[in-house]
Amino acid sequence: MAYQLQRGTYDAWGSDAMNLKKLEETLSAIASTFGYVPIKIPTYEQTELFTRSVGESSDIVSKEMFSFMDKGGRNITLRPEMTAGVMRAIVTNKLYVNDLPLKYFYCGNVFRYERPQAGRYREFSQFGIECVGVNSYYSDAETIVFGYNALLMLGFPKIILKINTIGDQQSRDNYKVALKEYFKPYLESMCDDCKRRYETNVLRILDCKSPEDQKIVANAPKIQDYLTDEAKEYFQKVLDILNEFQIEYEIDDNLVRGLDYYSEVVFEYHFISENGVNLGALGGGGHYDNLLKEVGGPSLSSVGLAFGLERVNALLKELDPCCYEKPSLDVFMVHMDEKSKEHAFYLASDLRSAGFIVDMTFENKKMGAQFNIATRKNASFAIIVGEQEIANHTYGVKNLKTQVQENVSYEDLVDYLDNHLEEEDHHHEE
Ligand code: AMP
């Protein structure tokens, strides 16, 4: 029986797996320059953590959670996002007694029972940052700038930054009253989700993707008209900083984001390729005030964002398939008989200790077949080991791009490879 890949999941290997890994490394390195440190949290938590924090009105909680009862009768959910878990970890470990703000970055798989389509999986990975315990528009702006610059550094030529404010509590309370009044006469004709959102969190109707409902949403009251002076000023300060950095943005009145915990500034990053490929948001985030308190900690303002790595990866690949990294080797060992195989085996080990990426086959293949493997595996050099080479302590080193072969002694091997690989890198960069 052949087992099937589960709907909405994927396997990645070779260059895709490599590039996903590299994304994590690059984003981690960039986050570190902002003073973020890693945090690692469990893949599952008690279900209530998510229902309380992400919110009953969100699609995530109402329809998309992978929940189950464990053998001890506990109600468990595979994390559908990471922020709630990070907050729980901060409370569990009383991390808030440290100097604030706490700045953590994370990377891990999250699970949402969504309808799979391009750029939408049921298990996918998110890289994100959370800055907890600071109420400053500088911190919000810094987070937005981090995300924007990180995407440019990864290779996106430009990014569409959508931004909005959903105001402070008072602004939202006033706005919600106005929205309820506005939507009431239309509600009967709207989708079931909107009917539910009307009761649980009317703001979320603005996010409805149904074309019919969008027509109704288009004429809905705008948050701008309900903002308190403080919320207006706060938003403007964030925009001022973006202007200072010459970061372009679009103010999107309907951007409310899918999770209930946000307040004030919310934002998303989008990219549409030249071929019109649009996988939806590459990432998004916002400011939140009550989440830590909601999960049992002190009331601390925070801001965070998360990228979906599969979407980032797919679009980077579409942008520049050639530069997309492929697995490669520095050296492939080519041997002629049992004795040279053994010699090559130990020589490979020496070269690895010197930092080179080295592989070989342990099968008894003809030299031609071994060279073919070397080429398929993207090796820069082949090192040929035979009876004579062993006797002379000198090997044939063949550059597989230029086909130039030179004899190099054991003592000179590391320097030779170092120099020539450096040259190759240099050519590659040019
Ligand atoms: P969210 O927590 O919903 O704001 O998601 C943050 C980012 O995760 C999004 O901007 C996407 O890039 C990514 N993402 C969300 N849902 C999915 C999914 N089902 N499959 C792949 N990526 C996703």
Side-chain angles (χ1 to χ4, degrees), residues 5-12 16 20 23-24 27 41 45 49-50 53-55 57-66 77-87 105-130 143-144 146-148 150-151 154 156 159-164 166 201 203-204 206-209 252 254-263 265-273 277-288 291 302-318:
L5 181 73
Q6 289 301 295
R7 197 165 139 75
T9 65
Y10 68 90
D11 302 314
D16 277 316
L20 281 165
L23 280 178
E24 178 183 346
L27 289 168
I41 52 167
E45 302 270 358
L49 172 68
F50 302 113
S53 59
V54 179
S57 85
S58 67
D59 284 355
I60 293 179
V61 167
S62 62
K63 310 192 263 202
E64 297 171 358
M65 295 211 296
F66 277 89
T77 294
L78 301 182
R79 60 188 181 198
E81 55 101 62
M82 304 277 271
T83 307
V86 172
M87 294 305 120
F105 71 81
Y106 60 75
C107 188
N109 288 13
V110 297
F111 304 82
R112 294 183 191 173
Y113 198 84
E114 293 197 77
R115 197 165 50 77
Q117 60 185 58
R120 203 196 280 161
Y121 299 98
R122 287 184 174 170
E123 179 176 3
F124 60 99
S125 42
Q126 286 191 338
F127 177 93
I129 60 173
E130 308 292 347
T143 304
I144 299 169
F146 160 80
Y148 188 89
L151 290 169
L154 289 174
F156 287 97
I159 286 296
I160 302 165
L161 168 62
K162 297 186 181 183
I163 187 166
N164 192 22
I166 53 174
N201 182 356
L203 270 180
R204 301 271 351 273
L206 302 177
D207 209 19
C208 182
K209 301 287 179 288
D252 181 344
N254 294 333
L255 181 69
V256 291
R257 312 252 318 122
L259 306 95
D260 277 359
Y261 50 68
Y262 290 113
S263 61
V265 184
V266 290
F267 51 90
E268 277 183 2
Y269 306 96
H270 292 251
F271 178 77
I272 303 169
S273 81
V277 178
N278 180 0
L279 297 180
L282 292 174
H287 179 104
Y288 51 96
L291 189 50
S302 309
V303 56
L305 65 74
F307 295 120
L309 295 190
E310 288 76 8
R311 289 187 192 178
V312 172
N313 190 43
L315 285 168
L316 285 176
K317 187 174 179 177
E318 152 121 4

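Whatever order the structure lists ligands and atoms in, that order sets their numbers, starting from 1.
Residue E81 has no N or O atom closer than 3.5 Å to an N or O atom of ligand 1. Below 3.5 Å of separation, one finds no N or O of I60 facing any N or O of ligand 1. Distances between N or O atoms of F307 and those of ligand 1 include no value under 3.5 Å.
In this structure, OH in Y269 is found 13.5 Å from CD1 in I160, a value given to the nearest 0.5 Å. Within the model, atoms OH of Y121 and CZ of R311 stand 10.0 Å from one another, a figure rounded to the nearest 0.5 Å.
Shown here is F66, whose CZ atom has more than 12 heavy atoms of other residues, nucleotides or ligands within 6.0 Å. Annotation: Q117, atom CD; neighbour count of heavy atoms from other residues, nucleotides and ligands within 6.0 Å is above 12.
Closest approach of V312 and L154 over heavy atoms only: CG1-CD1, 4.0 Å. Across E81 and Q126, no two heavy atoms sit closer than the pair CA-OE1, 4.1 Å. The two atoms that bring T143 and L305 nearest to each other are O-CD2, 3.3 Å, heavy atoms only. Residues L203 and V256 approach most closely at O-CG2, 3.6 Å, considering heavy atoms.
For atom 4 (O) of ligand 1, the closest non-hydrogen atom of the protein is R257 NH2, 2.6 Å. Counting protein heavy atoms only, atom 13 (C) of ligand 1 is closest to G308 CA, 3.5 Å. For atom 11 (C) of ligand 1, the nearest non-hydrogen atom of the protein is A281 O, 3.3 Å. Of the protein's non-hydrogen atoms, G119 O, 3.3 Å is the one closest to atom 21 (C) of ligand 1.
If you check each of E123, E310, Q126 against atom 8 (O) of ligand 1, the one with the closest non-hydrogen atom is Q126. Of the candidates E268, R112, H270, R112 brings a heavy atom nearest to atom 1 (P) of ligand 1. Here the shortest heavy-atom distance to atom 23 (C) of ligand 1, taken over F124, Y269, Y262, Y10, belongs to F124.
Contact between R311 and ligand 1 is present, with at least one heavy atom of the residue lying under 4.0 Å from the ligand. Not close to ligand 1: R122, with no non-hydrogen atom less than 4.0 angstrom away.
Set against the non-hydrogen atoms of L282, the atoms of ligand 1 under 4.0 Å away are 10 (O), 12 (O). Below 4.0 Å from some heavy atom of Y121 lie the following atoms of ligand 1, by number and element: 18 (C), 19 (N), 20 (N), 21 (C). Annotation for ligand 1: atoms under 4.0 Å from non-hydrogen atoms of E114 are 16 (N), 17 (C), 18 (C), 19 (N).
No part of V312 comes within 4.0 Å of ligand 1, judged by heavy-atom distances.
Between the side chains of E45 and T77, no donor-acceptor pair of N or O atoms lies under 3.5 Å.
Considering only heavy atoms from C-beta on, N109 comes within 4.5 Å of S125 through its side chain.
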